[in-house]
Every structure is written in C-alpha cells, then in structure tokens.
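In what follows, a single structure is set out as structure tokens and then discussed.
All heavy atoms count here, side chains included; hydrogens, waters and symmetry mates do not.
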Amino acid sequence: MAFNLLKGKKGIIFGALDENSIAWKTAQACHAEGAQLVLTNAPIALRMGTINKLAEEIGAPVIPADVTSNEDVENLFAKSMEHFGGGVDFILHSIGMSINVRKGIHYTENNYDFTHKGLDISALSLHRVLATAMKMDALNEWGSVVALTYIAAQRIFPDYNDMADNKAYLESIARNFGYQYGIKKNVRINTVSQSPTRTTAGSGVKGFDGFISYAEKMSPLGNATGDDCANYCVSLFSDLTKMVTMQNLFHDGGFSFTGVSQAVIEQMEK
C-alpha cells in the first residue's frame, strides 16, 4: 500500500545493480510513494548489472558516475538538476567495495593499494557526493541523505575485513556532514545499519551464510529484509522524519541490542 509519502520529491539513487540490491528495492519503493528518480552507478557496474530494466520500470534516467571522480559527480548533479528542473530532495548512498575481500586477503595482510581504493569508493565517495552537492547547491532545503552501513563498523566480524573500517569512516562522514549541512540548509544525513542481506555485493564476504544464520537466531524480530530496508529509507526521505539527523540507525530486528538469544544458547548447547 502506498501513502504518497514522497509525492513531489526528487531523488538520486546510487548503487542499484540488480533485483537483489537494496538500492534497487529502495528505488521501487520511492517510485511507489510518488518520487521522481535518477539512477546512477559506476560505468562498469552498469555493464555488469541490469539497471536499464529498473529504469524502464520506474521511468528514470540512468546517469553513469564513478564516485571516485569529482568530474563525474559534478556531471551527475548537473544532469540530474537539468532533468528535474531544479534541486534534489533526497539521496541514497548504497555503495561499497573491497578488493581485499574479493581476493580473500586476510585483514592482517591487507594490500594497502586495494585498501585505498575500497576506502575511496565505500566511504570517501559520500564526502565527495555531499561536498559536490553543497558546492553546486544541489540539495533542497530540508533534504535527506541516507547511507547504508553495517554493525561491523562497531563490532568485530573477522571476515568483514577492511569493509568494517570503510563503514566506520562512512558513519563519521555522515555525522560531520550532518552538522555542516544541517546548519547550512537544514539537510539531514543519517546512516542505516542494516541486517546482513543477500545482495550480490554482500554475498562476496567469506562466511556470509553464517552471518545471516547467526543474525537470524540473535534478532528477536529476525533479519530485516531488503524490502523492509527500502521502506525504512522511504520514511527517512519523507517529511515525517525532518528532525532526525547525524544518527546511525540500526535496522536489524533488534540484533544490535541483544546480548545473547535463547536460540543461540540452545544451538551452542547441542
């Protein structure tokens, strides 16, 4: 059921790769709630994924952008504002990549060239997007930005590797820019710490099935799905959450505040 929560709003969705992507599901949910959208991803991701199918479904243009390039991000905002005939009301940052994870390199032996690349794509990209938006005055008054993160930014999940560092930095950037952009234009910026979710990117983490199974047993409500996350993002883009900013919001069925569950205890006692 749609409530027209985003009627008249315009947004940019970063990171929709395929139907498993949270960004993909969020784009669908935003469209259902009345938003106009621009979709974007890295040129290589556009070739690998099926984003044009989503673009046709929701009537959104696709504008390629390498988030490590200032010029690409500037071009993205310029073309988006031209398409919308004005500024942007919300942004979803759903971007993350670790070459160390992909290549199975242990955290204690990380290749630092790979680390720098992953940090640039996964975290610095948020700073670049927000700095560019501020410089170009691309975000409208009372706009909303959401970046997706994971609890490994605060707690150790050994095989999450340097992505944990990337997410910790991402969350810090969201807080710092939340202050700066809040003062400047009442723009709110939050991170959503989602349950482990079966996406194309997430499945590349070693032991991912174990992550999901453990979290399911630990969470009183079970794991939040990608569709659940999309709906939560809609609420954060809407005017119902105008005073929420600089927060890391756990969307994980209660996992983050559960010390141990009965299901886990019983599993350990087998």
Side-chain angles (χ1 to χ4, degrees), residues 2-19 21-95 121 124-148 174 177 181 184-190 230-231 233-239 241-242:
F3 301 94
N4 286 322
L5 291 176
L6 303 181
K7 186 177 182 179
K9 293 190 182 294
K10 303 168 178 67
I12 300 176
I13 304 289
F14 285 81
L17 180 65
D18 56 35
E19 293 176 343
S21 306
I22 292 175
W24 184 295
K25 297 175 186 297
T26 302
Q28 291 175 318
C30 290
H31 173 70
E33 291 295 339
Q36 297 178 50
L37 299 169
V38 163
L39 301 174
T40 185
N41 212 327
I44 187 172
L46 296 183
R47 293 194 297 270
M48 293 170 55
T50 55
I51 195 172
N52 288 329
K53 176 183 175 183
L54 174 64
E56 183 177 351
E57 176 187 328
I58 65 175
V62 178
I63 303 174
D66 175 355
V67 289
T68 68
S69 164
N70 292 348
E71 293 76 16
D72 274 22
V73 175
E74 288 170 2
N75 178 66
L76 169 65
F77 278 115
K79 288 186 174 177
S80 296
M81 293 169 74
E82 180 181 352
H83 171 71
F84 291 138
V88 177
D89 297 299
F90 63 87
I91 293 171
L92 176 71
H93 180 284
S94 180
I95 306 168
I121 292 173
L124 277 175
S125 59
L126 179 62
H127 193 288
R128 185 174 288 107
V129 164
L130 294 172
T132 303
M134 184 177 282
K135 180 177 69 174
M136 297 178 68
D137 195 25
L139 272 165
N140 293 331
E141 189 94 3
W142 294 104
S144 175
V145 179
V146 171
L148 298 184
F177 248 111
Y181 230 141
K184 187 176 181 68
K185 209 169 181 181
N186 295 319
V187 170
R188 58 200 192 272
I189 303 171
N190 297 288
N231 290 332
C233 289
V234 165
S235 74
L236 292 170
F237 295 146
S238 78
D239 292 338
T241 53
K242 289 179 71 171

Handout entry: Backbone of Leu236 reached by a side-chain donor or acceptor of Ser144 within 3.5 Å
Key = yes

Practice task
Give, for atom CG of Leu130 and atom CG of Leu139, the distance between the pair rounded to the nearest 0.5 Å.
Solution key: 7.5 Å

Problem - Contact check, side chains of Cys30 and Thr26, non-hydrogen atoms, under 4.5 Å - result: yes

Exercise for the section: Flag yes if more than 12 heavy atoms outside Glu141 fall under 6.0 Å of its CD atom; otherwise flag no. Expected result: yes

Practice task
Only counting residues at least two apart or in another chain, list the ones meeting side-chain hydrogen bond (donor to acceptor under 3.5 Å, both in side chains) with Asn70.
Solution key: Arg128

Fill in the blank from the handout: OG1 (Thr132) and CG (Asp137) are apart, to the nearest 0.5 Å, by 13.0 Å

Side-chain donor/acceptor pairs under 3.5 Å, residues 73-88, sequence neighbours excluded:
| residue | atom | partner | partner atom | Å |
| --- | --- | --- | --- | --- |
| Glu74 | OE2 | Lys135 | NZ | 2.7 |
| Ser80 | OG | Leu76 | O | 2.7 |

Handout entry: Side chains of Leu148 and Leu92 in contact at under 4.5 Å (non-hydrogen atoms)
Key = yes

Fill in the blank from the handout: In this structure, NZ of Lys10 is separated from CZ of Phe237 (nearest 0.5 Å) by 15.5 Å

Exercise for the section: To the nearest 0.5 Å, tell me how far Leu124 CG sits from Thr68 OG1. Expected result: 10.0 Å

Fill in the blank from the handout: For Asp89, the side-chain hydrogen bond (donor to acceptor under 3.5 Å, both in side chains) test, sequence neighbours excluded, returns Asn140

Practice task
Kindly compute the distance separating CD1 (Ile121) from CD1 (Ile95), expressed to the nearest 0.5 Å.
Solution key: 9.0 Å

Practice task
Please list, chain by chain and in numerical order, all residues satisfying side-chain hydrogen bond (donor to acceptor under 3.5 Å, both in side chains) with Lys184, sequence neighbours excluded.
Solution key: none

Exercise for the section: Could you check if a side-chain atom of Met134 sits within less than 4.5 angstrom of a side-chain atom of Phe177, using non-hydrogen atoms only? Expected result: yes

Problem - Shortest non-hydrogen contact from Gln28 toward Glu57 - result: NE2-OE2, 2.9 Å

Problem - side-chain hydrogen bond (donor to acceptor under 3.5 Å, both in side chains) partners of Ser125, counting only residues at least two apart - result: His93

Practice task
Please report the closest heavy-atom contact between Ala16 and Ile51, naming both atoms and the distance.
Solution key: O-CD1, 3.5 Å

Exercise for the section: Flag the pair Phe14 / Val129 as yes when at least one side-chain heavy-atom distance between them is below 4.5 Å, and no otherwise. Expected result: yes

Handout entry: side-chain contact (heavy atoms from CB on, under 4.5 Å) assessment of Trp142 paired with Asp239
Key = CA-CA 8 Å; Trp142 294 104; Asp239 292 338; 5.7 Å; no

Exercise for the section: Examine distances only and state if a side-chain atom of Glu33 and a backbone atom of Leu5 form a donor-acceptor pair shorter than 3.5 Å. Expected result: yes

Problem - Side chain proximity check, Leu39 to Ile58, heavy atoms < 4.5 angstrom - result: yes

Completion exercise
Taking every heavy atom of Pro61 against every heavy atom of Leu37, the minimum-distance pair comes out as CD-O, 3.4 Å

Completion exercise
Value for OG (Ser21) from CD1 (Ile13), rounded to nearest 0.5 Å, stands at 11.5 Å

Handout entry: Any donor-acceptor N/O pair, Asn41 side chain to Leu46 backbone, under 3.5 Å
Key = no

Handout entry: Minimum heavy-atom distance between Thr40 and Pro64, given as atom pair plus value
Key = OG1-C, 4.0 Å

Problem - Side chain Lys9, main chain Phe90, donor-acceptor under 3.5 Å - result: no

Fill in the blank from the handout: Applying salt bridge (charged side-chain N to carboxylate O under 4.0 Å, His left out) to Glu19 and not counting sequence neighbours gives Lys53

